[in-house]
Every structure is written in C-alpha cells, then in structure tokens.
Amino acid sequence: MKNSFLSSFKSSIKLNIKGKNINRFINRLVKQNIEILDLKNINYKEVEIRIYKSDLEKVEKIKTTYELQEVNIYGFIKIKKILNKNKILFIFMFIGIALLLLLTNIIFDVEVVHNKKEIQELLISELKKYGITERRFIKSFKDVEKIKEEILNKYKDKLEWIEIERSGTKYIVRVEERKIPGTNEKEENRNIVAKKAAVIKTIIAENGVVVKNINDYVKPGDVIVSGSVYLNETLKNVVSAKGTVYGEVWYKSTVEVPFVYNETNYTSNTKKVLTFKFLNHRFELFNFHKFKDKEIEEKKLLSHNFLPIGFVYETQREVEKIDKIYTIDEAIAIAREKSIKAMESKLNDKEYIISSKDLKVDIKESKIELEMFFSVYEDITDYQVIDNISLEEQEQE
C-alpha cells in the first residue's frame, strides 16, 4: 500500500498512438519491459496508453512508423508544470504568508482607555519608553507583566492598577486612577424643590423637613423638603436638605415611520484583516468567518508603483441591513415601539413608564405619524440654595 501511494506521485505520461497493427506495437512495449499503467482502445488503428515518463525514450526508439502524441501528464512532472505555470502567484502567496506572520507580531495601535487626557498621555509616554508603541514588535506576557509592575511602582500616587490586553495587533490599556481622599467642603444650605410639574409619588428624606404630601401636585420650584427648621413658627436651624423625590410626570411624543423602510445598523463586531489586492480583486487572508455586510477602512502596507498589486490592513466593522415594506398596522406598531423605547432610554433603573396610550395617528402618502401620551414615574429632585442674607434678617426679626 505504501508503494502504491508513492507510485501515484511518480511521473507518468499518457500517449495517443496511431498506426497499423496496434497490437503488434503493444507487444513490442511489453517485450522491452515497459510497464503499461493504463490502456484504452479507441479503434483498431488507435490506442491510448499511460507509461512512466522514464520509459518515454524507449517508446520513441521503437515507434518506427507509428505516430505518437502526448495527451496528458501525471505525478511530479504535473506538479512541477503547475508550479512553473503559477510561480508568480505562489511567490506572492509565500510573500503574503511571510508578511502575515511578520505583521501579526507587530503593534499597529495602542489605545489607552480613560476619560482623563492627562492620564492617557502619561500612559502612552511611559509605554513608549518600554517599546509598547506603533510599529514595534509584540511583547511577551512576562515582559508585559514586568512593564505594568514598573509603571505602577513609579506612579504609586497616581495609578491604582493597569491592565494591558492584546487584541490582534492592538494593545488596549485600561487604567484606574488612584483616588486620594480629600477634605469635604462645607455643604450649602438648601431646599429640595420640584424639577418639573408632577404629582408626588415617593419622598425619601435623609435630612430636612418634609413640607409636601404624597399625591400633592407641585410645579417647578415648589419646595418639597425644606432646609429651614422651625419650632413654634420660629426658625431654629438651617441645614442642607438631602433626599430624593419621585413623581408622576406627563409627556407627549410624535414618531414618524415610513412605509418603505431601509436601515443600516452597526454591530459591536470589528476585526483586523490582512488583504491581498490584485487589479480590482481583493483576497482576505486567513479570514475564516467573514461578515455578510461590512464597512472597511484601509491602511496600505505594501504597494507597487507600476503594478496594480499590494497588501492592505483592513479594519472591518459589521453592519446589518434591513429592507422592508410595512402595512399601516405594522407601521403603527413599529412607531409605538420606537416611541416607548425612546422614552425608556431617558429613564434610569428606578424610573419607569406608568401608562401610555395613542393620541393621534396621521396616515400620509409615504409614512405614518403617531402621537403618544406617557405617564412616567420619574425623579423630580432639584435643589434651591437658601439665601444666607434672608436667614440673617429672619434671625434679627
């Protein structure tokens, strides 16, 4: 079985032979110990045989008046021919693989994730000293851990921790700033007032005097929790009122939805892809899970001044495309859903929609307009500083 497998790669050739008395010629080949691997009779004057390439010279010596023509080749000789024919392509493929191995071990971007620019600049500067910057080779895990430790030791008063994560050819650096407790500034004396018109539903008072009741209607600026403490109508103290007030607030919203709907949504999926470009064609190297729809930003790595050929480093961002035609009922349902989602997006975890209803549906030629009413459980807490001058006057009185 081993010999059979190896013999399949041995160079062989298929010949078309024409002439009188073909059988006599075949017998001559056998007598010359020329192994016939395959034989196919075309007609009484023509036959096709496959022999080893090494026996071709013997066949040509005894062909006499017979006509020989090469039909096909097999084994190593065919592989060699394919390689010679496509050597330019194979050379570029080899260069591409070599470049890929090289480029996947080079840093192309360093991103420091922090909301303070001074911290970002500090980390970028320090990392650059250790070779973690663009167009430098990727560091080993051991080296990265050592770099993190040295930077943290150097900036003990500024940095709490550092995390350096490798994502392909990019380093994502996350950093936490060290918070040094400071002295608390004296709080201003204040009242808790209503931020907007509402019916009070919940009052959570940590400090101050509650002067409104549940289900009371308040307008913007009305005091709900007072920072002025009275006893028998005499002002005894002024404090900073603390607490939270929730009320029922009312809104109207209008949403339009077209009957013919086209939308492109960006997903959170992105990837870096090395691409070989030739003429107007592009070949993504080692990208086994391709996005169906995507947006591409290119960064040239290698190009030729005269030939339309080169390598680019692509940042691909996945998109989802939606193309639909809605009925009136479907458009109304989608408008309602969008309106509710838009309202919910403005609320925090403790706020919610109490009730909602459709007020008006306006059907136009290409779209519908839906007006909705919302009753919302919402934080209506606001603050009003107590004027110290007024306080002094009250004390004099």
Side-chain angles (χ1 to χ4, degrees), residues 1-102 104 273-294 296 301-312 314 316:
M1 189 149 183
K2 182 179 178 182
N3 291 336
S4 176
F5 175 76
L6 292 175
S7 64
S8 66
F9 287 95
K10 191 174 179 180
S11 298
S12 61
I13 186 168
K14 180 183 282 189
L15 299 173
N16 179 274
I17 305 170
K18 294 179 182 178
K20 295 180 180 180
N21 204 340
I22 290 292
N23 289 333
R24 180 187 299 172
F25 183 75
I26 298 299
N27 289 332
R28 285 185 192 175
L29 299 180
V30 174
K31 288 179 182 179
Q32 292 291 328
N33 295 321
I34 297 173
E35 185 176 354
I36 299 175
L37 304 173
D38 190 20
L39 188 147
K40 179 181 178 182
N41 286 306
I42 307 301
N43 53 56
Y44 72 98
K45 288 186 178 182
E46 185 178 358
V47 70
E48 283 185 356
I49 65 170
R50 186 161 69 92
I51 60 171
Y52 287 120
K53 181 69 167 58
S54 56
D55 291 330
L56 180 59
E57 190 175 346
K58 294 180 184 179
V59 174
E60 289 179 340
K61 285 182 179 179
I62 62 173
K63 72 173 184 177
T64 60
T65 60
Y66 293 91
E67 182 183 339
L68 301 182
Q69 185 179 357
E70 183 180 309
V71 177
N72 206 348
I73 54 176
Y74 305 91
F76 283 116
I77 190 173
K78 186 164 187 176
I79 294 172
K80 184 179 178 182
K81 184 177 180 180
I82 292 171
L83 290 174
N84 286 333
K85 186 177 179 181
N86 300 281
K87 61 183 177 182
I88 301 298
L89 177 61
F90 286 120
I91 288 170
F92 276 110
M93 285 182 64
F94 176 78
I95 293 172
I97 293 170
L99 280 172
L100 179 65
L101 293 174
L102 175 67
T104 52
V273 177
L274 182 65
T275 302
F276 172 64
K277 300 189 77 174
F278 180 69
L279 296 175
N280 293 324
H281 302 283
R282 48 188 300 280
F283 305 93
E284 297 180 6
L285 304 179
F286 304 102
N287 184 15
F288 303 111
H289 302 285
K290 298 181 179 180
F291 295 143
K292 182 180 178 182
D293 295 299
K294 57 183 174 284
I296 297 174
L301 297 177
L302 288 175
S303 60
H304 196 279
N305 292 332
F306 306 107
L307 298 177
I309 193 168
F311 285 92
V312 296
E314 296 181 346
Q316 297 185 358

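The structure presented is a predicted model; accordingly, all values stated were derived computationally and were not measured.
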Within the 4.5 Å heavy-atom criterion, are [X] and [Y] side-chain neighbours or not?
X: E70; Y: I13; answer: yes
X: E35; Y: I51; answer: no
X: S12; Y: K53; answer: no
X: E60; Y: L68; answer: yes
X: V59; Y: F25; answer: yes
X: E57; Y: K61; answer: yes
X: L39; Y: I26; answer: yes
X: I62; Y: L29; answer: yes

Candidate pair R282 and E284, rule salt bridge (charged side-chain N to carboxylate O under 4.0 Å, His left out), full reasoning: CA-CA 7 Å; R282 48 188 300 280; E284 297 180 6; 3.0 Å; yes

Spatial distance of atom [atom1] ([X]) from atom [atom2] ([Y]) [nearest 0.5 Å]:
X: I49; Y: K40; atom1: CD1; atom2: NZ; value: 14.0 Å
X: R28; Y: I34; atom1: CZ; atom2: CD1; value: 11.5 Å
X: D55; Y: S11; atom1: CG; atom2: OG; value: 12.0 Å
X: E48; Y: N16; atom1: CD; atom2: CG; value: 5.0 Å
X: L37; Y: K14; atom1: CG; atom2: NZ; value: 11.0 Å
X: I296; Y: F291; atom1: CD1; atom2: CZ; value: 10.5 Å

Could you give me the CA-CA distance, side-chain angles and deciding distance for Y66 and V47, then say whether side chain to side chain contact (heavy atoms under 4.5 Å, CB included) is met? CA-CA 11 Å; Y66 293 91; V47 70; over 6 Å; no

Is there a donor-acceptor pair under 3.5 Å between the side chain of [X] and the backbone N or O of [Y]?
X: N27; Y: N23; result: yes
X: Y74; Y: Y52; result: no
X: N43; Y: K45; result: yes

Evaluate the criterion side chain to side chain contact (heavy atoms under 4.5 Å, CB included) for residue pair I17 and I22; output intermediate values, then yes/no. CA-CA 8 Å; I17 305 170; I22 290 292; 4.1 Å; yes

